[in-house]
Number of protein chains: 2
Amino acid sequence: MISSIAELISDRIGAMPAGERRAAQTLIANYPLTGLKTVAEFSAAAGVSSPTILRFVARLGFQNYPEFQSALQDELAAQLQSPVSRTLNPGSTGGAVSPMLEATLDNLRETFRHLTDKQLADIAARLAERRGKTFLIGGRFTDPLARYMAAHLAIIQPDVYHLAGQESIWRDRLIDMGKRDILVIFDIRRYQESLVRFAEKAHQRGVQIILFTDQWLSPIARFARHVIAGRTAVPSAWDSSAALFVVAETLIGAVTRQLEAAGAKRIRELENLR
Amino acid sequence: MISSIAELISDRIGAMPAGERRAAQTLIANYPLTGLKTVAEFSAAAGVSSPTILRFVARLGFQNYPEFQSALQDELAAQLQSPVSRTLNPGSTGGAVSPMLEATLDNLRETFRHLTDKQLADIAARLAERRGKTFLIGGRFTDPLARYMAAHLAIIQPDVYHLAGQESIWRDRLIDMGKRDILVIFDIRRYQESLVRFAEKAHQRGVQIILFTDQWLSPIARFARHVIAGRTAVPSAWDSSAALFVVAETLIGAVTRQLEAAGAKRIRELENLR
DNA sequence: CAAAATAAGTAATATAAGATACAGCGCCCC
DNA sequence: GGGGCGCTGTATCTTATATTACTTATTTTG
């Protein structure tokens, strides 16, 4: 069974003429980068002419060069999405536990790899500046994440509202939203129509949207000022929201730190109220 | 200092017009693959026109699109050659992000290290056998976890109830609980009096309690049939519930697998109802 | 509220890329 | 040593890609 193009090449390299073999070796030498460049660059790197490169990819079974490049890109995409589980114990079939944990750890690392400190700091700063109100809402499975975040934010600052219940209820809250306000939305596949509609209307009112979504980006990304794309793939019938959960916790921590002075006072007051 | 294009983007994304920001977000979402495709494909993925993509790369300081692609390829080459530096964004050390992520990863590993497959399998089996009802409840910050778990379990099996609202409301539900029923409780410091009282009464009625708590164990552990102790320490003003969240997801997956036959039928029925 | 400035998209253009046809060369077998 | 076959490179053509110019829409500012 041949799964990667690299395997395919080493499988057939024996039956290739000299020029094409040089092409193959050049590609393997720093796989798959050379294959992502143009035919001209590839041919120069291999020291052969461009038609030889084209004959080479044709021999591998590709109709044309772009098709070959797409295949390489797909392969690369798969690799980049699960960097660890590829290198680590592919055969450890133990219980149902460790694959799930491994996948989640990968997801976390991958998610944060695409997130810079700057981005998070920007979002945290936006959440911390108390110009307007903060609304949070989530989809069917992600609404608990919105609640979780709201529960924390509501302690360190005023005017934090979780939008719960039926669509009609939160739709009516739109009237209270304006340019100075923030709307935090959690939406992963399958994306919810009602949320998209809501986001669009909020956007039209000038509300700044912070979106937590999966790597395929909810359509709400169109309206969002900030987008956090978490990895959700796990060996389960359900998608995992763990990565988004951890990003949310990280943001909560960052906002808390920024509001430390004001927040501490507020927390003391809250303690007294009990 | 800016070393990667991803950093460059998140550095300037704030100063970009809406269309270019969408391009930036799309690229970051699965970096760097989208940038290696053609302008037309990139623009389609981002939902903008091709000139917007070109303006976007121009704003990043590149003379033209091929130059931008070359830069991405060079970066990719560097990454692929040193697999270690790939695990984490090299620029994100020292920021507020990576300590939080590191701590969370540690927490996950530690939590699962003290959790055997057997334990999880037992709990999953108990949740899967449909003898009685399943109730879920959480504390101030952990209630969203109870909701999250309930949202999933309620789809694959009947009689799953999340206990929400005021104490008096769920206290009254005790009357419906008996020996055949399960109560899943989430409780981390500072442990909630009301939850402890509730757990005790449920225990007296013979309800089997599954407790998600932190490593110092909520007093509810006295009454619990199964205890899951997650690590919660992170460099933040708040405790982290991420480890418990992932355990919950793992259990959801395991229960789903056990109920696969019955669950699949149920899910189909649910789809039809919509 | 009006005018200016800025963005975004459409359509046309220029350019660079991949594909093809053909000729030369070397190699192997007879 | 001669004839045939196969591989490789050069030059040309075609395709499709990036780019630019221009128009329309949107946002900002006085």
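Side-chain atoms are counted along with the backbone in the values below, which use heavy atoms only and exclude waters and symmetry mates.
Taking atom CD of B:Q63 as the reference point, atom C1' of D:dT19 lies 13 Å away to the nearest angstrom. One can place NZ of B:K37 at 18 Å from C1' of D:dA18, the figure rounded to the nearest angstrom. For the pair A:F42 CZ and C:dA19 P, the computed distance is 13 Å after rounding to whole Å. One can place CD1 of A:I53 at 9 Å from P of D:dG9, the figure rounded to the nearest angstrom. To the nearest angstrom, P of C:dG9 lies 12 Å from CG of B:L54. Taking atom CZ of residue B:F68 and atom P of nucleotide D:dT17, one finds them 17 Å apart after rounding to whole Å. To the nearest angstrom, P of C:dA16 lies 14 Å from CD of B:Q69. Atom P of nucleotide D:dA16 and atom OH of B:Y65 are separated by 18 Å, given to the nearest angstrom.
Candidate nucleotides C:dG18, C:dG9, D:dT19 were compared by shortest atom distance to the side chain of B:V48, and C:dG9 ranks first.
Below 30°, between 30° and 60°, or above 60°: for B:H152 and A:W238 the angle between ring planes is above 60°, a perpendicular geometry.
For A:I169, the CD1 atom counts as densely surrounded, since its 6.0 Å shell holds more than 12 non-hydrogen atoms of other residues, nucleotides or ligands.
The shortest distance between the side-chain N/O atoms of A:T52 and the OP1/OP2 oxygens of D:dG9 is below 4.0 Å.
Under a cutoff of 6.0 Å and an axis angle of 45°, A:R173 and A:Y161 form a cation-pi pair.
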Quick one: which protein N/O atoms are closer than 3.5 Å to N/O atoms of nucleotides 21-26 of chain C? Pair and distance per line, please.
none

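No side-chain heavy atom of A:I188 sits under 4.5 Å from any side-chain heavy atom of A:F212.
The residue among A:G47 and B:T38 whose nearest nucleotide of DNA chain D is located toward the 5' end is A:G47.
Separation of atoms NZ (A:K37) and CG (B:L36) is listed at 10.0 Å; rounding is to 0.5 Å.
Taking the six-membered ring for Trp and the full ring otherwise, the centers of B:Y148 and A:F141 sit at least 6.0 Å from each other.
A salt bridge is defined here as a Lys NZ or Arg NE, NH1 or NH2 lying under 4.0 Å from an Asp or Glu carboxylate O, and A:R189 with A:D239 meets this definition.
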